Protein chains: 2
Amino acid sequence: MDDQAIPLDAETKAVEMPDDHREELRLWLRLLTCTTLIEGEVRSRLREQFGVTLPRFDLMAQLDKAPGGMTLSDLSKRMMVSNGNLTGLVDRLVTSGHVVRTASPTDRRASVISLTESGRAEFRAMATKHEHWIADLFGDLTERDRGELMRLLGKTKLSARRAIQGEG
Amino acid sequence: MDDQAIPLDAETKAVEMPDDHREELRLWLRLLTCTTLIEGEVRSRLREQFGVTLPRFDLMAQLDKAPGGMTLSDLSKRMMVSNGNLTGLVDRLVTSGHVVRTASPTDRRASVISLTESGRAEFRAMATKHEHWIADLFGDLTERDRGELMRLLGKTKLSARRAIQGEG
DNA sequence: AAAAATTACTTTAAGCTTAAAACAAATTGA
DNA sequence: TCAATTTGTTTTAAGCTTAAAGTAATTTTT
């Protein structure tokens, strides 16, 4: 094998070096930047225009999709946050009148959380605006871009899950 | 123009309805899911294997790239977090001996934050592992996938910035 | 040079978030 | 059946995060 000290250009280097993963790192940082950027803007607009926090909005969004309500465990899985986190979040939303806790008829440990009528109405108004903000934030992507990004993120999601399951 | 009440299938609907942005919403939620998934796993491994939190790691990563140190404002811009947040984060890292504050020679308001020797050594060890984790998490994407995802996220970043600047 | 505006940072209050420990109810297994 | 395990939730302690208000130093404007 030819192993002489021939200078390599950047392209070649990336291929030749067995353990260089700077490219994946840059990809991850860019993904993180996009999310942080958009999330921050959404958070800011929700606060300014509706006086609501993003976690509260996210929780109400989950409940809006489940007319019969959800348990804390369901919410925890869907929202990918800890159970303990939800206890406090739900408490505050109960206090503000957006959601109610109902004893589960089938499981005495669990309670079912649902939107109140006013909570649902308030959420729907916010959700409409929210959807427009998102459309605007992604507005410079073509339909083709969006489809392709969707596909690649789907693949990324599966890859991450595989890596997580494999180790955990 | 033919404007009769002909039933539309889902495909046609998406095209015909002027104000439906569910597709962008789904894209955003998927982006968020990917980030949350990966971030959670990285956070968990950093804690288990090194007893360090993700924000501490992120801060050290910024300082490692700036041998001369950085001011809080620099860090704030780079990390996209508030100034007040950094004050506490830096305080804790000073206490644990990972970073030092030095009075800025040119600006009496500012202090320069830099890694200590041991802080840098510790970070480098973590960073090596971290890079492998990321490579593994993105491991099922081909080189072509990664390039394409990088490009689309770049476009997304610009689009979001445009939408934010335009309103702000 | 003095006033006005900006910049760098800290403090505060409130809320978010997690991990870990605890508890009770439900399920599984012997 | 009864013990062991799992599941649903809460509590606790610590740390993260933000927005807003405040302080001090610097820069810009007049």
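Sequence lines set the chain letters: A, B, ... in the order given, protein chains first and strands last, and positions in each chain run from 1. Just so it is clear, the model here is predicted, and its values are computed rather than measured. These values consider heavy atoms only, across backbone and side chains, with no hydrogens, waters or symmetry-generated copies.
- For L75(A) and dT10(D), the CG to P distance is 11 Å, given to the nearest whole Å.
- Using bins of under 30°, 30° to 60° and over 60° for the plane-to-plane angle, the ring pair H21(B)/H132(A) lands in the perpendicular bin.
- Using a 4.0 Å heavy-atom distance criterion, S76(A) is classed as making no nucleic acid contact.
- Of all non-hydrogen atoms in L75(B) and I113(B), the two that sit nearest each other are CD1-CG1, 4.2 Å.
- As rounded to whole Å, 13 Å separates atom C1' of dG15(D) from atom CZ of R47(B).
- Closest to the side chain of T53(B), from the set dT10(D), dC16(D), dT17(C), is dC16(D).
- L86(B) comes within 4.0 angstrom of nothing in the nucleic acid, heavy atoms only.
- Rounded to whole angstrom, the span from the CG atom of L59(A) across to the P atom of dG15(C) amounts to 16 Å.
- Dashed line: the shortest gap from a side-chain N or O of R108(A) to OP1 or OP2 of dT7(D) is not under 4.0 Å.
- Within the 6.0 Å centre-distance limit, the rings of F57(B) and F123(B) are counted as a close aromatic pair.
- For the pair V81(A) and N85(A), the tightest heavy-atom approach, listed with the atom from each and the gap, is CB-ND2, 3.8 Å.
- Comparing the start and finish of the helix from dA1(C)-dT30(D) to dA30(C)-dT1(D), five pairs each, the helix axis swings through 30°, to the nearest 10 degrees.
- Heavy-atom nearest nucleotides on DNA chain C were determined for K77(B) and for D91(B), and the one closer to the 5' end corresponds to K77(B).
- Using a distance-only test at 3.5 Å, with no hydrogens or angles considered, a donor-acceptor pair links the side chain of T156(A) to the main chain of L152(A).
- A sub-4.0 Å separation between OP1 or OP2 of dG15(C) and a side-chain N or O of R56(A) is absent.
- Contact annotation: S73(A) reaches the phosphate of dT9(D) (side-chain N/O to OP1 or OP2, under 4.0 Å).
- Ranking dT17(C), dC9(C), dT10(D) by closeness to the S111(B) side chain, first place goes to dC9(C).
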| said: Apply side-chain hydrogen bond (donor to acceptor under 3.5 Å, both in side chains) to residues S104(A) and T106(A) and explain how you reach the verdict. | reply: CA-CA 5 Å; S104(A) 165; T106(A) 55; 3.3 Å; yes
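- The number of heavy atoms from other shown groups lying within 6.0 Å of CZ (R30(A)) is above 12.
- Heavy-atom distances to DNA chain D give each of V81(B) and A110(A) a nearest nucleotide, and the one nearer the 5′ end belongs to A110(A).
- Set against dA26(C), dA8(C), dT10(C), the side chain of D107(A) has dA26(C) as its closest nucleotide.
- Look at CG on N83(A): it is 17 Å from P on dT6(D), rounded to the nearest Å.
- Nucleic acid contact class of S82(A) (heavy atoms, under 4.0 Å, all strands): base.
- Across the protein-nucleic acid pair, I113(B) atom CD1 and dC9(C) atom P stand 7 Å apart, rounded to whole Å.
- Nucleic acid contact for T71(B): sugar-phosphate only, since backbone atoms but no base atoms lie under 4.0 Å from a heavy atom of the residue.
- Each of T116(B), L115(B), L89(B), D91(B) was compared with V99(B) under the side chain to side chain contact (heavy atoms under 4.5 Å, CB included) criterion, and only L115(B) meets it.
- Between the side chain of R109(B) and the base of dA8(C) there is no donor-acceptor pair of N/O atoms closer than 3.5 Å.
- Backbone-only contact: L89(B) has heavy atoms under 4.0 Å from sugar-phosphate atoms and none from a base.
- Atom C1' of nucleotide dC16(D) and atom CZ of R92(B) are separated by 7 Å, given to the nearest angstrom.
- In this structure, D58(B) places its CG atom 17 Å from P of dG15(D), rounding to the nearest Å.
- When the C1' atom of dT12(D) is taken as reference, atom CG of N85(A) falls 14 Å away, rounded to whole Å.
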